[in-house]
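Remarks on the structure that follows.
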2 protein chains.
Amino acid sequence: MNTTNVVTDLETRQRLLNAAAELFAERGFNNVTVRELCQVAGANVAAVNYHFRDKLGLYKEVVEMAANAMHQGKVEVIEAAEPLPPEERLRTYIRLTLHHLLDPHEDSWMEKLIAREMMDPTPALDLIVEKGIKPTSQRMGVMVAELLGAPLSDDRVWQCFLSVQAQCLFYKMSKPVSARMAPAGFEYTPQVIEALAEHIADFSLAGIRAIAQKTGGTRRGQTEGSNIGEHS
Amino acid sequence: MNTTNVVTDLETRQRLLNAAAELFAERGFNNVTVRELCQVAGANVAAVNYHFRDKLGLYKEVVEMAANAMHQGKVEVIEAAEPLPPEERLRTYIRLTLHHLLDPHEDSWMEKLIAREMMDPTPALDLIVEKGIKPTSQRMGVMVAELLGAPLSDDRVWQCFLSVQAQCLFYKMSKPVSARMAPAGFEYTPQVIEALAEHIADFSLAGIRAIAQKTGGTRRGQTEGSNIGEHS
DNA sequence: ACCTGATTTATACATGTGTTTTAATCATCC
DNA sequence: GGATGATTAAAACACATGTATAAATCAGGT
């Protein structure tokens with residue numbers, strides 16, 4: 001079946017990757033059995049070891065996929081937002097990010113997997129940070145820096161960005177709790193997401209403006225806070 | 001050894017609970033073996049089954065401990081903040097919460113365990129929500145409502161509160177990533193935590209003020225958003 | 001001192017899991 | 001069409017893990 005035979009079979013290998021992405025994201029590395037994985041992928045039990053050496057080998061490839069997908073998704077959002085004027089840029093960034101995270105139609109297995117890695121770091125997290133986060137961190141910093149009227153090296157830039165990011169991610173991570181707090185049918189419909197995005201944008205833009213006006217206080221350079229802007 | 005024999009032995013049972021709290025929080029239910037747990041607790045392998053019927057029985061008791069500890073911790077923070085004027089109240093709430101979450105001296109195994117449950121909900125999450133979150137949600141809502149000048153039923157109250165909470169929790173959850181983004185020695189020293197708290201407070205107070213002034217837009221009652229204030 | 005019930009211990013059992021092995025199947029090339 | 005190398009399939013292995021069992025130990029009451 002192979003025409004070139006340099007890259008191994010695409011059929012089952014790809015099916016395994018897809019199933020693994022879904023399952024690992026949903027339940028974590030240790031709570032997914034190779035047997036179940038192969039059953040979902042419609043492959044034999046030995047397929048994982050044949051194609052990926054290990055269960056861990058498969059996992060690493062999935063993480064790599066996730067890091068790349070994360071990077072690509074971020075680039076898309078950033079590039080959709082960048083041409084807009086500063087405030088609209090942030091609003092758009094928030095809106096797109098939130099839809100991407102919460103819209104039930106997008107399954108967003110990458111962020112699930114990444115959230116999992118944040119909670120239970122494995123060596124694979126290094127890969128995520130290097131390939132999925134660092135490469136775009138500068139561009140996202142610039143977005144906030146402009147709003148803030150401060151240089152990238154200012155710690156407030158990274159702090160404000162994290163405040164925005166925190167609000168977006170929180171709604172995804174806290175969904176099981178929110179569902180139990182809400183009265184009855186609780187769902188992230190597009191309208192609800194829009195309303196949330198508007199809230200986060202209003203809240204954050206005001207927050208950023210306030211931080212921008214504040215003078216004095218701790219304002220160190222890049223000595224301690226973060227190395228935003230120096231992506232490797 | 002029992003004086004009353006109504007409550008079973010305190011020695012090993014308690015040791016088991018302590019070890020379980022630590023280990024389950026650190027690595028999750030499935031990634032802790034009964035054998036390791038008993039070894040840490042200095043007990044026999046059968047001790048878990050004898051004292052708690054199941055591994056799951058032990059876990060449920062640990063979760064109950066966590067929910068109660070969480071409730072108590074929240075009450076302490078709230079009662080330290082409540083007598084202060086509104087703005088200082090929120091500042092204090094943020095400061096104390098952040099220290100509690102990030103200070104490396106407090107191990108805060110409860111929140112680790114709860115964060116874990118949020119990510120991988122088990123039936124135990126219901127207990128956490130009922131005993132650890134709902135009972136204090138009203139008082140925390142009041143704090144924001146006052147700042148906002150809106151009734152508790154207003155959706156903006158809950159949204160603003162979540163925006164604050166999100167920022168606090170995010171720093172805990174994202175620590176592994178932050179550590180990899182930061183240049184060298186990265187640590188949540190008390191000074192760093194203070195600076196973070198100040199940022200979050202400034203950012204959030206401005207955000208809340210802006211939301212308070214905003215009129216129009218979506219502003220539904222308690223029909224859809226959350227049932228804050230109706231804790232059972 | 002002995003009995004009694006609770007607790008601890010050592011061991012065994014059943015099962016689930018990742019991995020290996022060995023043979024069968026398939027596609028491709030001569 | 002048969003040889004060849006890659007892929008798949010079925011079964012087995014080795015081991016870890018949760019749980020159960022049965023004996024041993026302990027503490028307190030009479």
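Note on naming: letters A, B, ... go to the chains in the order of the sequence lines (proteins, then strands), and numbering restarts at 1 for each one.
In this structure, the nucleotide among dT7(C), dA10(C), dT19(C) sitting nearest to the side chain of N44(B) is dA10(C). Here the side chain of N49(B) is nearest to one of dT17(D), dA20(D), dT7(D), namely dA20(D). Nearest nucleotide to the side chain of T33(B), out of dG18(D), dG18(C), dT19(C): dG18(D).
Between L16(B) atom CG and dT9(C) atom C1' there is a gap of 15 Å when expressed in whole angstrom units. In this entry the distance linking CG of L58(A) with P of dT19(C) reads 10 Å, nearest Å. Between L37(B) atom CG and dT19(D) atom P the separation is 12 Å, expressed in whole Å. Residue N31(B) contributes atom CG, which lies 14 Å from atom C1' of dA16(D) at whole-angstrom precision. Spacing between atom CD of Q39(B) and atom C1' of dT9(C) amounts to 15 Å, rounded to whole angstrom units. In this structure, the NZ atom of K55(B) is 8 Å from the C1' atom of dG18(D), given to the nearest Å. One interatomic measurement links the two molecules: CD of E11(B) to P of dT7(C), which rounds to 12 Å at whole-angstrom precision. One can place CG of D54(B) at 14 Å from C1' of dT17(D), the figure rounded to the nearest angstrom.
Each of Y50(A) and V45(A) was assigned the nucleotide of DNA chain D with the nearest heavy atom; the assignment lying further toward the 5' end belongs to Y50(A).
Judged by distance alone with a 3.5 Å cut-off, a donor-acceptor contact links the side chain of R35(B) to the base of dG18(D).
Base contact: A46(B) has a heavy atom under 4.0 Å from a base atom.
In this structure, K131(B) and H71(B) have side chains that are not in contact, with every pair of non-hydrogen atoms separated by 4.5 Å or more.
The main-chain N or O of L102(B) is never found under 3.5 Å from a side-chain atom of E106(B) such that the two would form a donor-acceptor pair.
Note: Y59(A) and F24(A) have perpendicular aromatic rings, judged against thresholds of 30 and 60 degrees for the angle between ring planes. Note on ring orientation: taking the six-membered ring where Trp is involved, the planes of Y171(A) and Y188(A) are perpendicular (angle over 60°, cut-offs 30° and 60°).
Taking only side-chain nitrogens and oxygens, H51(B) never comes nearer than 4.0 Å to OP1 or OP2 of dA6(C). Under 4.0 angstrom from either OP1 or OP2 of dT7(C) there lies no side-chain N or O belonging to T12(B).
Aromatic rings of F170(B) and F170(A) (six-membered ring for Trp) have centroids beyond the 6.0 Å cut-off, not under it.
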